[in-house]
Each structure stands twice: as structure tokens, then as C-alpha cells.
There are 2 protein chains.
Amino acid sequence: MPHDHNDPAAAHETVPHGALPPVVAQFKSQCSRCSMRELCLPVGLDPEALAALDQVVTSRLRLHKGDALYRDGDPFAALYAIRYGSAKTVVLMPDGREQVAGYHLLGDIVGLDGVAHERHGSTAVALEDTEVCVIPFAAVAGLAREHPLLQKNLFSFLSKEVGEGLHAMLLLGSLRAEERIAVFLLNLGERYRRHGYSATEFVLRMTREEIGSYLGLKLETVSRLLSRFQAEGLVKVAGRSIKLIDIPALRLLAGQRC
Amino acid sequence: MPHDHNDPAAAHETVPHGALPPVVAQFKSQCSRCSMRELCLPVGLDPEALAALDQVVTSRLRLHKGDALYRDGDPFAALYAIRYGSAKTVVLMPDGREQVAGYHLLGDIVGLDGVAHERHGSTAVALEDTEVCVIPFAAVAGLAREHPLLQKNLFSFLSKEVGEGLHAMLLLGSLRAEERIAVFLLNLGERYRRHGYSATEFVLRMTREEIGSYLGLKLETVSRLLSRFQAEGLVKVAGRSIKLIDIPALRLLAGQRC
DNA sequence: CGGATGTTTGAGTAATATCAACTGTGGTGG
DNA sequence: CCACCACAGTTGATATTACTCAAACATCCG
């Protein structure tokens, strides 16, 4: 099989959109009953709009760690809402270098960059076993014409992503390595908190290399700084388990962001 | 007058949305007759949708060099399409550092990051005397429900901005200083080309410091690299006038992007 | 249990920032 | 219209940050 996800050369498997294996197709989505509905596309929708969404968001995909949800260059057809698990989005260079551009947790919607050119401009890869809802874009955009709030949500998610891009530029363009790490940790904690998890104690789903790529640093730099933060009593690190100890000090480093 | 644009402390004037000075309010927009219509929000619209847009995009603003179109924290009400001139968008840190996040030429639409939170998350400043069309967002979003193509264009502009954010992350996170400069120059040339200007000979509207901020470099580094590129015969630099000489070599540096 | 993958830490290096001096250049008022 | 001033840009010497290369150690998975 080409693109087997255990094959280190092929690296990741793209889930085909047309013929889904039965084991995947059987999962039926229902936004109206989804536990994520207050953090995802359905936020604030009236029952009628929700019912309409249910008609259109009908399938889910299950991904294994390392599977690609879509790849750079794939035709764009749908957005994907993460029901559980997590994913990274990666931008590739012709020479093979790559930049992790985003780190997405449950409730997040990925694939938004594909709308403009009807083709994805990045690759999304599951960081652990992950389930996503498939949101066929054309259908939902059609629905949005009848349901202003749904349209508003779509605009809103797109715009939020724009804003995140701006802050990523600030992070990568203006902050020192230690500041980037502090922002990263606080931001991640904040996102977990919003989902009802601890903001101060969590498990990273990325390798040091992926964190480094996201922050524009090398893996050794990430490792060293985490060690230093630990020595200074800012955090407690045990492999991928992180505990934030001195939040005010981290905030200071991060310059009050987050 | 507070915020006079000649006052170095106030730095830039925010144009108030409510009471526009008469000299500004007198300019009537007409998308249907605008020379930018094929590069801006109206692209591809049918005559009916265009006429509807004309009803809603009714005013223009004139800005002097250094005037702010909106500022970080301002309530969001409208998008702005650049009719002529250019602008930078800037993201600010609490400690005063700032990062130039975008460089916008005619036809570009700025303000897209404000949709989500109904508040702008960045500041847009004119780099020269500039005129923009005011696109009241709520009204246009309403129209978009009746005109699928207009909706599509709105989604498309938002999504394009997301994609640009991804590429900015690649630029800032993975490229060396010389590669960033090469990408910057080629990208700028490409954008001028699209507007019918020369792709190889143009005038920068930014200072070295602004370019540096955009690229995550210091002004001295930008200056040095431009000098080096000139010494190597890649470009001809005379202050802000740039001529790209050896495009293939620049492309090679840029890694085929652009 | 063993290999592969990921992490830590050290020593030396390269890239870019910083500090500083000097040189254009464009706009303004005399 | 010219002289001047503030601002923008260049260039050099030095400092610093983060990278590279390398080796040892840990952890996960089959």
C-alpha cells in the first residue's frame, strides 16, 4: 500500500474523500447532540439552524497518529472539526524544510486555508488518535445564506484564524526564544482551561522538534530552555508532561499575552 | 487637536467613523465603475450583485502618510479596500515592541482580523497618501446572503489572508535572513506585476526598519543584505528604488516560492 | 527485550543583534 | 532658492543568541 502510515518514507496517509472505508463511514455526526457544540461551528445557533447543520455534517473520520487529514495541494472540499484528539498543520518548502503552522485541539476547525483556492495550502496531521467531523464547505456555505448566525460563525472562525496568524507573526518575528516558549506554554494551558481541563498541568502531544518548528527554534533550544525553566522553578517538566509552577513569572516573560 | 498626525507623540491619527470631515465624506464609491473591481471584492460579480454592492459601499476615506485607518482595540465596523496608496498592518506588544504583520497595496482588503471579535486586533497605517473604500461589514455580509458569489468572495478574501499567515510563519520560522529578503522582494514584484506595474523595478514604501520588522530582522541586517545583494549583482538598490537584476538567483535563494 | 525514536546536555560555531559613527536626503522655513 | 535639520540609511567593530555537531541517556512500541 502506498502512503502506509507505518512507512517512514511515505510518512503519512491521506484519507481519501470519495471512498471511505466502512469502518469510518459508519460514524454519524449530529451537531445538535455534540458535546463540542458550544466550542465549535454550532455555537449559539437556534434549533432550526442546528437541525439544518445536522443534515449537512453527516460524517466523521477517525485518524491514527501520523495520518494526514489532508495534504498540501489536495483539492479542498470540506473543513474538519476536531471532536477529540489533536492535529498539527504544516507548511512545506520545496527543499523539504517544513514549518509547523498550527497546533489544533478539540473544537478547533482546520482546513480554512483551502477555501480561497479550492485547494489546501498546508498539510494537517493527527498527533494522536483523533476523530473529526467532516464539514462539506459548499453545503455549509449554502446553509449559511439562510441562517445568518451560521454565516457569522463561519466568518468568525475564518477571522479568528487570521488573528492567530498575526499573533504567530509577532511570536516568530519579535520574541526571544524564552519568550516564545513562555507564550506557547501559557497559550496551550489557556486552551485546555477553556475545555474544562487544567490550565497548569497537561501533556504535550508534540515532540520537541515539532514545538521547535512551531516556534521557529531548534529542538535542542526547546529542550535547553525547558530545562532552564525547570531549574528556575517556572515549570516542572517530565518528558511531555508539563506543570506550570510560576505563572506570573511566565506571564512576565510572555509580556502579558495570554 | 489630539492625535494630530504631525505630533510625534500621538504618532498617528485614527479616522473617526461617525463624523467624517466633509472633504472626506464627499467621495462617493462605486464598485461597478471602479478600476480595481477585478482585483477587489467585486471580482466576478454579476451586474445585479454589483449594483447591490454600490448601495452599500458608499464612502471613501483619504489618509495622509502616517494616519491610522484603525487601531488595535478599535470597534470593528468595516473592512477597507485600498483604492490607491499602501498601508502596513502592525501588531503591538504591551511593552511597546511592534511587529509589522502585513504590507498592503491597492486592491487589498484590510481589517479582516476584526470580524471575529468585533474589535480590531491590529493597527493599520497608511505608508503614503492613500484612499480606501469603506466596506461596512454587517451590510455586506447581509448582501452576501442574497448573492452567493459575493459570499464566496468574502470567504475567499478571509481564507487568502489565512493562507498568507501560514506563509508568513514559514518565512519567519524557517528561512534565513537572506532568504527572507529574497522572498520579500520577489513577492512584492509579483504583486506589482499583477497590477500592471513592473515586477522588477519598483519603489519601496517602507523604511528599512519596517521591512526588518516585517521579516523579523533588524534594520541594519536589511541594509547590509541589500548592499550584499547589490554587490553580488542580484539587485540594484538606490535608497528605496529597487531593481531586481538576477531573478533566477533570487528565486533560488527564495526556494522557488513566488 | 531490543531497536528506533525522542530527549538531554556539552562544546564550539555561525548568524544576527547591538552599539556607534558617519553619510545621504527630503522637507521646511528663512 | 538655499541652508539646515531631522530622519533614513550605510558600514564597521563587537556582543549575544541560538544553531550545529556530538555523545549519552530515556522512553516507547513491537
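In what follows, chains carry the letters A, B, and so on, assigned in the order in which the sequence lines appear, proteins first and then strands, with residues in each chain numbered from 1.
Scored by the salt bridge (charged side-chain N to carboxylate O under 4.0 Å, His left out) test, B:Asp108 finds B:Arg191 as partners (sequence neighbours excluded). For B:Ala168, the side-chain contact (heavy atoms from CB on, under 4.5 Å) partners at least two apart in sequence or on another chain are A:Met169. Applying the side-chain contact (heavy atoms from CB on, under 4.5 Å) rule to A:Ile109 yields the partners A:Cys40, A:Leu41, A:Leu79, A:Ala81, A:Leu112, A:Ile135, A:Phe157; only residues at least two apart in sequence or on another chain are considered. Residues meeting the side-chain contact (heavy atoms from CB on, under 4.5 Å) test with A:Ala177, sequence neighbours left out: A:Leu217, A:Thr221, A:Leu225. In this view, A:Arg208 satisfies the salt bridge (charged side-chain N to carboxylate O under 4.0 Å, His left out) rule with no residue, not counting sequence neighbours. Legend: residues meeting ring pair (Phe, Tyr, Trp, His ring centres under 6.0 Å) with B:Tyr192, ordered by chain and number and at least two apart, are B:Phe202. Annotation: side-chain hydrogen bond (donor to acceptor under 3.5 Å, both in side chains) contacts of A:Arg119 (sequence neighbours excluded): none.
Look at A:Ser223 and you won't find any side-chain N or O under 4.0 angstrom from OP1 or OP2 of C:dT9.
To the nearest angstrom, P of D:dA8 lies 16 Å from CG of B:Leu226. For the pair A:Glu209 CD and C:dT5 P, the interatomic distance rounds to 12 Å; values are reported in whole Å. Taking atom CD of A:Glu210 as the reference point, atom P of C:dT5 lies 14 Å away to the nearest angstrom. Distance, A:Arg205 CZ to C:dT7 C1': 18 Å, rounded to whole Å.
Using a distance-only test at 3.5 Å, with no hydrogens or angles considered, a donor-acceptor pair links the side chain of A:His195 to the main chain of A:Leu106.
Only at 4.0 angstrom or more do the heavy atoms of residues 228-245 of chain A sit from any atom of DNA chain D, so none qualifies.
The bend of the helix from C:dC1-D:dG30 to C:dG30-D:dC1, defined by the angle between the axes of its first five and last five pairs, stands at 50° to the nearest 10°.
Nucleic acid contact for B:Thr207: sugar-phosphate only, since backbone atoms but no base atoms lie under 4.0 Å from a heavy atom of the residue.
A salt bridge links B:Glu128 and B:Arg205; the closest N-O separation between the charged side-chain nitrogens and carboxylate oxygens is under 4.0 Å.
Within the structure, salt bridge (Lys or Arg N to Asp or Glu O under 4.0 Å) contacts touching residues 210-226 of chain B (residues at least two apart or in different chains) are B:Lys88-B:Glu210.
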Donor-acceptor list for residues 230-249 of chain B side chains, cut-off 3.5 Å, not counting sequence neighbours:
| residue | atom | partner | partner atom | Å |
| --- | --- | --- | --- | --- |
| B:Gln230 | OE1 | B:Val237 | N | 2.8 |
| B:Glu232 | OE2 | B:Arg228 | NE | 3.2 |
| B:Asp246 | OD1 | B:Ala249 | N | 3.1 |

(message) How would you summarise protein contacts on nucleotides 18-28 of chain D per nucleotide, using B for base, S for sugar-phosphate only and - for none, with heavy-atom distances below 4.0 Å?
(response) SSBB-------
